[in-house]
Amino acid sequence: HYMLQKVFSINLFDMKHDYNTINVSSDGHIIVNEAKERIIYADLCMSELEVFDKDLNLKKRVKGPAALDIKYYLTDEDPRQVIFSKKIPFAYLNYCSSRDYLFLNYIGDFMEGYTLYDKTSYIMQFDWEGNLIKCCKSDKYIDAISCSQDADSVNDVYATMLDDEGKYFLVRLHEKE
């Protein structure tokens with residue numbers, strides 16, 4: 001079992017630093033596998049994974065596959081508020097995991113408007129050491145993914161996608177032969 005360990009504390013509303021970067025640096029997924037004693041952080045906006053042991057020691061950092069050219073600026077309303085400039089980057093949107101693998105829904109592109117529905121999705125399979133096992137491209141935007149504890153390939157992953165009329169449908173993913 002894990003014991004809670006206080007790593008750091010921050011009061012978001014009592015800024016004593018020069019710039020507020022919380023909205024461009026805080027989103028992502030914290031994924032835990034107790035049996036493997038691994039914690040993986042998958043960043044929502046940057047193409048980066050971090051693999052930690054159970055004591056929160058960084059074991060590995062995985063950068064890529066895309067190097068997003070992210071731009072920032074300070075708002076006119078509050079010159080200490082840092083936000084993305086014109087387009088918002090998206091990397092690891094969501095995930096599912098099994099005992100042996102982690103499946104991440106990856107975009108690696110920018111939202112330039114109000115939707116990601118026109119973007120290509122990739123399902124990336126990693127082991128719990130952060131090694132890429134396989135990457136599969138989807139012809140349609142994938143909204144959410146799920147799998148069982150026994151999943152060992154992309155063929156064991158279920159997803160929701162949008163059809164041409166904007167309605168969601170459930171599919172079981174499979175690799176093209």
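Start at 1 with the first residue, then count along the sequence. All heavy atoms count here, side chains included; hydrogens, waters and symmetry mates do not.
A donor-acceptor contact shorter than 3.5 Å links the side chain of Q125 to the backbone of D152. In this structure, the side chain of D43 does not engage the main chain of S47 through any donor-acceptor pair within 3.5 Å. Looking only at distances, no side-chain donor or acceptor of H29 sits under 3.5 Å from a matching main-chain atom of Y95. A donor-acceptor contact shorter than 3.5 Å is absent between the side chain of D127 and the backbone of D100. In this structure, S138 contributes its side chain and S121 its backbone to no donor-acceptor pair below 3.5 Å.
In the hydrophobic cluster analysis, where Ile, Leu, Val, Met, Phe, Trp and Tyr join through side-chain heavy atoms closer than 4.5 angstrom, L102 is grouped together with Y106.
Among residues two or more places apart in sequence or in another chain, the side chain to side chain contact (heavy atoms under 4.5 Å, CB included) test is passed with R99 by Q149, D150. Under the side chain to side chain contact (heavy atoms under 4.5 Å, CB included) criterion, E48 pairs with M46, E50, R61, K63, sequence neighbours left out.
Using a 4.5 Å heavy-atom cutoff, the side chains of Y141 and I107 are in contact. Counting only heavy atoms from C-beta outward, the side chains of N105 and I123 approach each other to under 4.5 Å. Taking 4.5 Å as the limit, every side-chain heavy atom of E37 sits out of range of all side-chain heavy atoms of W128. The shortest side-chain heavy-atom distance between C136 and L173 does not fall under the 4.5 Å cut-off.
As a member of the Ile/Leu/Val/Met/Phe/Trp/Tyr network built from side-chain separations under 4.5 Å, L170 groups with Y158.
Other residues, nucleotides and ligands place more than 12 heavy atoms under 6.0 Å from the NZ atom of K60. Remark: I30 CD1 is loosely packed, at most 12 non-hydrogen atoms of other residues, nucleotides or ligands lying under 6.0 Å away.
By the 4.0 Å N-to-carboxylate-O rule, D156 lies close enough to R172 to be salt-bridged with it.
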